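Comments concern the structure below.
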Amino acid sequence: MSHPTALYVDAGIQASKYFNVGMFAVLIFDYLITLEAEWVWHRKWTFVRFIFTVSRYLPFFGIGMTFIGALRTQYYPGESCARFGQASNVLHIICILAAEGLLITRIYASWNSKRLLTFLLVFPIVCFVVSYLISDTPLVFNSKNTTPINIPDPGNCLLLNGRNNVFEYAALFLYELVLLCLMLYIRFSKYNNAIGQLQETFFNDSVKYMMCIMVVSSFSIILTMVPPVTWVSITDSPQIVIHSVLTSRILFNLRASEGRSQINTTLTEVSEIQFRGGRFSTVVSDV
């Protein structure tokens with residue numbers, strides 16, 4: 001009978017394990033304290049509600065898989081964790097795309113331009129395709145493509161990442177920066193003289209969302225490039241957790257703001273927010 005062997009561990013890997021487990025706890029805690037606000041969603045399914053549900057619940061599976069990987073301490077001969085890691089990465093990407101999809105609907109609703117929608121869809125695709133292609137080249141020093149990582153990783157079961165993800169974090173930072181500038185332009189060029197409480201919540205929360213993502217992306221870039229490579233896995237979970245938490249909070253805040261402003265119509269989905277002449281109106285729907 002084959003005996004398991006202990007996986008390699010040092011201060012960086014141990015810190016990454018603790019941090020990813022902690023982020024999973026943050027995700028669960030935020031869900032529990034906002035669960036009551038979500039229970040008001042008792043209407044039919046729409047595209048936006050589907051995206052919201054993906055960004056709200058899929059992170060539990062993606063971060064949960066990272067959580068399982070962080071708890072692993074042994075390797076059994078013949079075992080392979082490569083597909084498990086690939087599946088986890090795919091879920092992480094889908095979580096971010098869903099959250100950014102809701103951001104796109106918010107910006108599009110504030111302008112209602114097909115050209116703007118085309119830009120919002122094409123620009124991120126170009127950014128992330130280019131970043132993915134560059135990440136597979138030896139442009140990052142001390143990465144897997146330039147310097148072999150001399151750390152035993154049997155079956156790819158060790159919680160260990162390379163530095164090539166830095167391009168993806170940089171692309172996300174650039175994407176959020178462009179959208180932040182676009183949102184500020186819309187806010188002060190089209191709604192400078194007429195803005196209500198619901199509009200103010202919409203713009204303020206969206207700007208805060210983008211700034212938070214930029215801050216987290218900056219830290220991810222630093223943590224990917226500066227410390228020893230065993231510390232890089234610290235960046236696995238923060239992006240997904242921040243995207244999910246902030247996306248949910250924006251929609252809950254919009255609903256709370258609508259209640260405070262005593263609007264007679266029902267705020268149902270962000271894609272149906274209509275801005276006309278600096279006034280805010282919502283389209284009644286059975287979301």
Side-chain angles (χ1 to χ4, degrees), residues 12-41 48-73 81 84-106 128 157-161 165 168-169 172-173 175-176 205-224 231-256 270:
I13 292 178
Q14 196 64 45
S16 298
K17 290 174 177 286
Y18 289 146
F19 197 82
N20 282 283
V21 170
M23 293 305 297
F24 191 42
V26 170
L27 183 65
I28 295 174
F29 176 76
D30 178 78
Y31 176 77
L32 293 177
I33 64 177
T34 57
L35 185 58
E36 182 179 359
E38 188 175 354
W39 281 353
V40 298
W41 293 67
V48 170
R49 188 184 177 188
F50 171 76
I51 299 178
F52 167 80
T53 302
V54 171
S55 66
R56 176 74 161 166
Y57 289 97
L58 194 61
F60 287 98
F61 296 94
I63 305 300
M65 295 179 72
T66 303
F67 175 80
I68 294 173
L71 295 182
R72 175 181 287 273
T73 59
C81 302
F84 183 87
Q86 292 171 356
S88 177
N89 290 336
V90 169
L91 290 182
H92 285 200
I93 293 173
I94 295 175
C95 292
I96 293 178
L97 291 178
E100 293 300 326
L102 286 177
L103 175 63
I104 289 175
T105 63
R106 289 193 293 272
F128 288 102
C157 293
L158 189 64
L159 189 65
L160 182 67
N161 290 333
N165 290 336
E168 298 173 10
Y169 296 135
L172 183 59
F173 180 91
Y175 172 68
E176 297 294 341
D205 284 356
S206 296
V207 169
K208 291 176 183 177
Y209 169 93
M210 288 178 273
M211 293 184 68
C212 286
I213 298 300
M214 290 170 61
V215 170
V216 174
S217 298
S218 300
F219 278 108
S220 296
I221 293 172
I222 295 173
L223 290 172
T224 300
W231 292 77
V232 174
S233 294
I234 285 181
T235 63
D236 278 357
S237 300
Q239 287 283 359
I240 293 85
V241 173
I242 294 298
H243 274 84
S244 177
V245 169
L246 294 182
T247 297
S248 302
R249 292 301 182 95
I250 288 176
L251 293 183
F252 297 153
N253 288 345
L254 283 173
R255 182 175 290 276
V270 179

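All heavy atoms count here, side chains included; hydrogens, waters and symmetry mates do not. Just so we're clear, the structure is a prediction, and the values are computed from it rather than from any experiment.
The nearest pair of heavy atoms linking Thr247 to Ser55 is CG2-OG, 3.8 Å. The minimum heavy-atom distance between Pro238 and Phe19, with the atom names listed, is CG-CE2, 3.4 Å.
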Check: residues 59-67 side-chain donor-acceptor pairs under 3.5 Å, at least two apart:
residue: Thr66; atom: OG1; partner: Gly62; partner atom: O; Å: 3.3
residue: Thr66; atom: OG1; partner: His92; partner atom: NE2; Å: 3.1

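Taken from OG in Ser218 to CZ in Phe173, the straight-line distance is 4.5 Å, to the nearest 0.5 Å. For the atom pair CG (Leu223) and CG (Asn165), the distance works out to 12.5 Å, reported to the nearest 0.5 Å. Rounded to the nearest 0.5 Å, atoms CD (Glu100) and OG1 (Thr105) are 11.0 Å apart. Note that CG of Leu71 and CZ of Phe24 are 9.5 Å apart. Values are rounded to the nearest 0.5 Å. Here the straight-line distance linking atom OG of Ser248 with atom CG of Leu102 works out to 8.5 Å at 0.5 Å rounding. Between the CD1 atom of Ile213 and the CG atom of Leu103 there is a distance of 9.0 Å, given to the nearest 0.5 Å.
In this structure, the side chains of Phe50 and Val54 come closer than 4.5 Å at one or more pairs of heavy atoms. Arg56 places a side-chain heavy atom less than 4.5 Å from the side chain of Thr34. Ile96 has its side chain out of reach of Glu168: every pair of non-hydrogen atoms, C-beta onward, lies at least 4.5 Å apart. Met23 places none of its side-chain heavy atoms less than 4.5 Å from the side chain of Leu27.
For the residue pair Asn20 / Asp236, no side-chain donor-acceptor distance below 3.5 Å is found, with atom types taken as modelled. A donor and an acceptor atom, one from each side chain of Tyr169 and Thr235, are located under 3.5 Å apart.
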Practice item. Go through the steps to decide whether Arg249 and Asp205 satisfy the test side chain to side chain contact (heavy atoms under 4.5 Å, CB included), and finish with yes or no. Key: CA-CA 9 Å; Arg249 292 301 182 95; Asp205 284 356; over 6 Å; no
**Study point:** Pair Ser220-Gln239, side chain to side chain contact (heavy atoms under 4.5 Å, CB included): steps then yes or no
**Key:** CA-CA 8 Å; Ser220 296; Gln239 287 283 359; 3.8 Å; yes
